[in-house]
Amino acid sequence: MTQAVGIARAHTNIALIKYWGKRDKDLFLPMNSSLSLTLEAFYTDTKVTFDDELIKDIFLLNGKEQSEKEVAKISHFLDLFCEYIGKRPFARVESINFVPTAAGLASSASAFAALALAVADALKLDMTRQELSTFARRGSGSSTRSLFGGFVEWAMGTSSEDSMAHPVDDADWDIGMLVLVVDSQEKKIASRIGMEHTVQTSPFYPAWIETAREDLQAMKAAIAEKDFETLGRITEHNGFKMHATTLSANPPFTYWSADSLLAQEAVRLVREELQVPAYMTMDAGPNVKILCRASDMGRLQKALSIHFPAENIISSLPGPAAYVLSEADWQQSKMRLTEGNHI
Ligand code: 2P0
């Protein structure tokens, strides 16, 4: 029996300049470059075991064997690597999500980044992180950014070979993020479907592309100068512009729920009351994320808990790049799963 094992952890990321739209669906080439903050609090641990004795791929998420449809997504992803090395052993893939799955907290980002790094580790692939990000991208676009820590840019590139992520800044300068979980149910419109419909039907879409490019340049300048308020203002404006494209799609749709609007209003009230810089952003789900100074997180959390149950306000510092785990680390993660400590 020949086995090749790799284990990795990748943290999720929240886009401050959103990725919204593909110019190539098969290659996951985006319509615009994006920029994110990797979060320490949410991550996925994945172990991949390539085993000559397996007769098909197996995928377990949080200890439960997944449906054929889910396995097919993983198999397709593994095929990409195996094309690269020229052979295709079957694999057992085990993932533990320390991220609320499909609640708009981008669990696919940490999932495919962890899987990509675990595969690279198992197969001893000789490739740079940036090159690996082009593989992760084809599992889920946003996962390309989760291979790196801090502020990360996914440059749209000109082809599959250069549409890759790279680190911009380690975000080690009093940065934090609060997540207001207003609804942890699975999203109704997958982002993949939502973005395609928007590209095809929103008359505002060309303006999105145009201004996302300008926002990215301005944001990179703000990060270079550690200008938090400019960074935050661009974040909030860019996110709302993305959601304006869904409202202007035909037929229109939105990821917001009534509670999302209440959460937005609470953020406006609280930042006014405390006079602290705090900026909202939302993804393909109803939850509201707040970019703030790490040193203000406690005060903001306390003030927001008047409006929301405290357990629904999760705080996070910037997170690290994805990294390889040992078998002992993996056993610890499994222990936390059985103890019910995963989210
Ligand atoms: C982002 N989102 O930049 C944007 C903002 C959601 C809103 O990336 O089709 O799951 O797998 O490439 O990465 C969510 O989309 O989409 C996403 P696919 P993905 O974070």
Side-chain angles (χ1 to χ4, degrees), residues 10-39 42 44 70 73-74 76-77 80 97 99-116 133-148 151-157 160 163-165 168 177 179 186-199 202 205 208-209 212 215-216 219 234-247 249 253-256 260 280-289 291:
H11 291 255
T12 195
N13 70 80
I14 300 297
L16 309 182
I17 303 289
K18 306 297 184 188
Y19 146 52
W20 197 242
K22 292 182 182 67
R23 63 184 200 274
D24 186 317
K25 277 198 295 183
D26 297 325
L27 295 173
F28 288 72
L29 296 177
M31 291 288 260
N32 65 288
S33 301
S34 53
L35 193 148
S36 59
L37 178 66
T38 300
L39 296 186
F42 309 111
T44 302
E70 294 305 314
K73 284 187 208 166
I74 299 289
H76 176 67
F77 188 68
L80 301 171
N97 245 349
V99 185
T101 303
L105 289 181
S107 58
S108 67
S110 53
F112 280 103
L115 180 57
S133 79
T134 67
F135 281 81
R137 190 194 75 227
R138 295 178 68 182
S140 188
S142 52
S143 73
T144 197
R145 300 184 306 240
S146 272
L147 283 166
F148 298 98
F151 293 113
V152 183
E153 179 184 359
W154 169 15
M156 62 187 285
S160 189
S163 183
M164 54 173 56
V168 169
M177 190 166 269
V179 180
E186 192 145 340
K187 57 195 167 196
K188 291 183 187 74
I189 305 164
S191 46
R192 206 163 286 186
I193 307 293
M195 64 174 83
E196 188 180 1
H197 178 62
T198 306
V199 173
S202 169
Y205 195 77
W208 159 255
I209 293 299
D215 288 349
L216 179 69
M219 185 172 283
I234 300 168
T235 296
E236 188 162 305
H237 189 204
N238 185 271
F240 276 79
K241 281 189 286 190
M242 182 204 109
H243 288 276
T245 69
T246 74
L247 292 173
F253 70 104
T254 184
Y255 288 105
W256 299 357
S260 308
M280 292 177 262
T281 188
M282 291 180 66
D283 294 292
N287 300 322
V288 175
K289 292 102 183 186
L291 180 71

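Just follow the structure's listing: the first ligand is 1, and inside any ligand the first atom is 1. Positions are given from 1 along the sequence. Heavy atoms only: backbone and side chains are in, while hydrogens, waters and symmetry mates are out. It should be emphasised that the depicted structure is a prediction, and the values quoted were computed from it without experimental measurement.
Residue S191 has at least one heavy-atom neighbour below 4.0 Å for each of these atoms of ligand 1: 10 (O), 14 (C), 15 (O), 16 (O), 19 (P). Heavy-atom proximity to S108, at under 4.0 Å, picks out these atoms of ligand 1: 10 (O). Taking a cut-off of under 4.0 Å to the non-hydrogen atoms of A15, the atoms of ligand 1 that pass are 1 (C), 3 (O), 20 (O). Taking a cut-off of under 4.0 Å to the non-hydrogen atoms of K18, the atoms of ligand 1 that pass are 3 (O), 5 (C). Of all atoms in ligand 1, listed by their number and element, those nearer than 4.0 Å to a heavy atom of M242 are 5 (C), 7 (C). Listed by number with element, the atoms of ligand 1 under 4.0 Å from a non-hydrogen atom of K22 are 9 (O), 12 (O), 18 (P). Interface atoms of ligand 1 facing R192, defined by a heavy-atom separation under 4.0 Å, are 9 (O), 11 (O), 18 (P).
An N or O contact shorter than 3.5 Å links G141 to ligand 1 by distance. Every N/O-N/O distance between W20 and ligand 1 stays at or above 3.5 Å. Considering both main-chain and side-chain atoms, R145 comes within under 3.5 Å of ligand 1 through a nitrogen or oxygen pair. Annotation: S143 places no N or O atom under 3.5 Å from an N or O atom of ligand 1; distance criterion only.
Ring geometry for Y255 against W20 counts as perpendicular: the plane angle is over 60°, on a 0 to 90° scale with 30° as the lower cut. Ring geometry, H243 versus W256: the interplanar angle falls from 30° to 60°, so the pair is classed tilted.
Side chains of W154 and S33: a donor-acceptor N/O pair is absent below 3.5 angstrom, by distance only. Side-chain contact check for S34 and R145: at least one donor-acceptor pair (N or O, by modelled atom type) lies under 3.5 Å. In summary, the side chains of N13 and S146 do present a donor paired with an acceptor at a separation below 3.5 Å, with no hydrogens or angles considered.
The closest approach between a heavy atom of S34 and any atom of ligand 1 is not below 4.0 Å.
Contact of the T144 side chain with the F28 side chain is not registered, since no non-hydrogen atoms from C-beta on lie closer than 4.5 Å. Proximity of L29 to M156: side-chain heavy atoms (C-beta onward) are nowhere separated by under 4.5 Å.
Nearest to atom 16 (O) of ligand 1 by heavy-atom distance, out of K73, M195, M282, R137, is M195.
Across every non-hydrogen atom of S110 and T44, the tightest pair is OG-OG1, 2.7 Å.
Residues meeting the side chain to side chain contact (heavy atoms under 4.5 Å, CB included) test with M31, sequence neighbours left out: R23, V199, Y205, I209.
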